[in-house]
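Encoded as structure tokens, the structure appears first; notes follow it.
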Amino acid sequence: MATVSEVSIPFVNAMQELRELALESIDADLRQTLVKEAEKALGILSGGGRPTEKQMHALGNSVNRILGAVDVAILDGVDAEPVSMKVAECLKQFETLRVGSEERRESGSESDATFAVQEACLSRDGDNLPNRILIVDDEAENRELLARLLGGDTYDLTFAADGQEALQKLDEADYDAMILDIEMPGVDGFEVLAQLEGMGSWHHMPIIVVTGRSGDEDAVRAIKGGAEDFLSRPIRPALLLARINSCLEKKRLREKAFQQHFSPQLAREMARTPDLINMEPREAEVTVLFCDIRRFSTISERLGPSETIDWLSDVLGRLSDCIVDSGGVLVDYTGDEVMALWGAPKEQHDHAERALQAAVAMLQALPSLNERWTEKIGSPTEVGIGINTGQALVGNVGTHRKFKYGALGTTVNLGSRIQEATKKLRCIIIMSQTTRDRLPGNLAVRRLSKVRLRNIEAVQELFQLMNSDTESDSFALRTGYETALTHFEEGRYPEALVVVGQLLVKNPHDGPCLHLSKRIVGAMAATQQGDDHQSPEILDLDNPNM
């Protein structure tokens, strides 16, 4: 070997000793890596003279691979404790070589490699969801080392061999974090940061720069360019894992904020790339749903504050699950009422069907809730659900202090009024004409009436989703009621009364039939008295006497 510079001798000696130790007795894969990288480092320094910046970059890569290989081997159960002490010595000598001084870092009694593996194991505990990480490095050995270190169920890894490939992969898929090298051919790491900053959509994706470059100027440039952190090789795997987990934890906190309104999948996407979804208010066709808990005041008075909160939390929590599970946005709680919407922030062509799916799921959730609460509250938990579809202003309707995704406009107001109509018509699920038009034609839906609703100028046509034990009963009740309703709207009151009377014999507690029979009798009485100024075919739900 040619004469090396005096400043490089301690590092060279440490590397030679590591190579000899590795050849003696060690795991075959680890031995191969240590010998290969030690010989590579010794070859770099064989030319003599103080190492150049490029040579220091290459030496840093070799030391980094040695450190990672030892830590991964210990994690795999290999007895690498003897060699780990020599690796720690190589690291110290490399740091001395890099700063050009004889200062050495203090080391603890426990081996750095063992500590790194313990940290790596701890960082993986309790994280069951794989985070997608893009690793960008032009050297295959570095990519392979990171793959071994980050492998398993904790992370879903994708690799890019240069900056251009990284940008292409970012254009094709979403990632939770990126590990980025700086010195690469073609598009380097700084250029990747610059292009991502210009794209804007990746503003919230944490980027950790891992590079052989160590100057403060490079670190400042990377951080200003949008990197979350800057680590110089050689790095401890435990340190890298800690930085990755710290970044991902911040992302998880953003996800939790979005999960107040959105499904976990959408919340995760928005935490990754929030600019993909425009939060500024915009016009969109949506379906809104309002669900009200019946007899809340009476029940809360009976239970008292503490148990009322427990009951309400259980009920609203289960109803909210139904909304989120169907891809809806949980907009708000207003006392004992919950509001939701579908069709935004991402377009959903089947938003009306999703809303109805959520409504049905809510009804299916009531039996289990009643098993827990009927005895305590003295009656079953019951709800009323109103659904409406139409154009609305959707987006962040909160303030600069509190984010709140929701919808504004007549569509929302009408949905709320339809929910109120469920009380007077004694139905559980009622929808508007616009919602009905967007649902399959074979649904068991009953046309209820033309109505006037509070603070809604236009006359509305309302429909009920039938809830009968058998399909035949549902069909007979639905067709019979609609026949009676048509007779009534056309002024054939006796015929209407006959049909609805027959229906009430078999369905004495059907709310719409009871309400229609009352209207028929009232219209007949008004006709006999010559009072023809009213429009009996339109049910005025804005009238408190109705």
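Note that this is a predicted model, so its numbers are computed, not measured.
Judged purely by atom type and a 3.5 angstrom limit, T435 has no side-chain atom pairing as donor or acceptor with the backbone of M431. Remark: side-chain polar atoms of R354 are paired, donor with acceptor, to backbone N or O of S326 under 3.5 angstrom. In this structure, D350 contributes its side chain and E353 its backbone to no donor-acceptor pair below 3.5 Å. Under a 3.5 Å cut-off, the side chain of T411 and the backbone N or O of Q391 do form a donor-acceptor pair. Side chain of D176 to main chain of R132: a donor-acceptor pair is present (N/O by atom type, distance under 3.5 Å, no hydrogens or angles). Side-chain N or O atoms of E165 include one that pairs as donor or acceptor with a backbone N or O of A161 at under 3.5 Å. Judged by distance alone, the side chain of Q348 and the main-chain N or O of G327 form a donor-acceptor pair under 3.5 Å. In terms of modelled atom types and a separation under 3.5 Å, the side chain of S313 and the main chain of D310 share no donor-acceptor contact.
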side-chain contact (heavy atoms from CB on, under 4.5 Å) between W342 and V286, worked out: CA-CA 6 Å; W342 290 258; V286 298; over 6 Å; no
CA sep, side-chain torsions, deciding dist, call: L356, I387, side-chain contact (heavy atoms from CB on, under 4.5 Å): CA-CA 8 Å; L356 191 63; I387 306 175; 4.2 Å; yes
Residue pair L289, L341: steps toward the side-chain contact (heavy atoms from CB on, under 4.5 Å) verdict: CA-CA 6 Å; L289 177 150; L341 72 85; over 6 Å; no
Pair L21-L34, side-chain contact (heavy atoms from CB on, under 4.5 Å): steps then yes or no: CA-CA 10 Å; L21 185 61; L34 295 185; over 6 Å; no
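Residues L231 and T211 fail the side-chain proximity criterion, which asks for heavy atoms closer than 4.5 Å. Proximity of R282 to V394: side-chain heavy atoms (C-beta onward) are separated by under 4.5 Å at one or more points. Two residues are said to be in side-chain contact when any heavy atoms from C-beta on lie closer than 4.5 Å; P185 and D138 meet this criterion. The side-chain heavy atoms of I182 and F190, taken from C-beta on, include a pair separated by under 4.5 Å. Residues I9 and N13 meet the side-chain proximity criterion, which asks for heavy atoms closer than 4.5 Å. Between I133 and M178 the shortest side-chain heavy-atom distance does not fall below 4.5 Å. In this structure, P345 and V329 have side chains that are in contact, with non-hydrogen atoms separated by less than 4.5 Å. Residues I135 and D181 are not in side-chain contact: their nearest non-hydrogen atoms beyond the backbone lie 4.5 Å or more apart.
Here the CD-OG distance, from E337 to S416, works out to 5.5 Å after rounding to the nearest 0.5 Å. Rounding to the nearest 0.5 angstrom, the gap separating the CG atom in L414 from the CZ atom in F290 is 9.5 Å. Considering CE of M15 and OG of S62, their distance stands at 6.5 Å, rounded to 0.5 Å. Once rounded to the nearest 0.5 Å, the distance linking OG1 of T410 with CG of L393 reads 11.5 Å. Here the CZ atom belonging to R19 is positioned 12.0 Å from the CZ atom belonging to R31, to the nearest 0.5 angstrom. Rounded to the nearest 0.5 Å, atoms CD (E371) and CG (L369) are 9.5 Å apart.
In summary, of the residues considered (L180, V192, L134), a side-chain contact (heavy atoms from CB on, under 4.5 Å) with I207 occurs for L180 alone. When each of I429, V360, L319 is paired with I385, the side-chain contact (heavy atoms from CB on, under 4.5 Å) condition holds for I429 and for no other.
Closest of all the heavy-atom pairs between M362 and C322 is N-SG, 3.7 Å. Nearest heavy-atom pair across L193 and G226 is CD2-C, 4.5 Å. The nearest pair of heavy atoms linking R318 to A365 is CG-CB, 3.6 Å. Closest heavy-atom contact between H351 and T287: ND1-OG1, 2.7 Å. Between Q55 and I44 the shortest heavy-atom distance is NE2-O, 3.4 Å. When all heavy atoms of L170 and Y175 are compared, the closest pair comes out as CD2-CD1, 3.7 Å.
Residue E172 places its CD atom among more than 12 non-hydrogen atoms of other residues, nucleotides or ligands, all under 6.0 Å distant. A 6.0 Å sphere centred on CD of Q32 holds no more than 12 heavy atoms belonging to other residues, nucleotides or ligands. Heavy-atom neighbours of E144 CD from other residues, nucleotides or ligands within 6.0 Å: at or below the threshold of 12.
The residues E285 and R438 are annotated as salt-bridged, a charged nitrogen and a carboxylate oxygen being separated by less than 4.0 angstrom.
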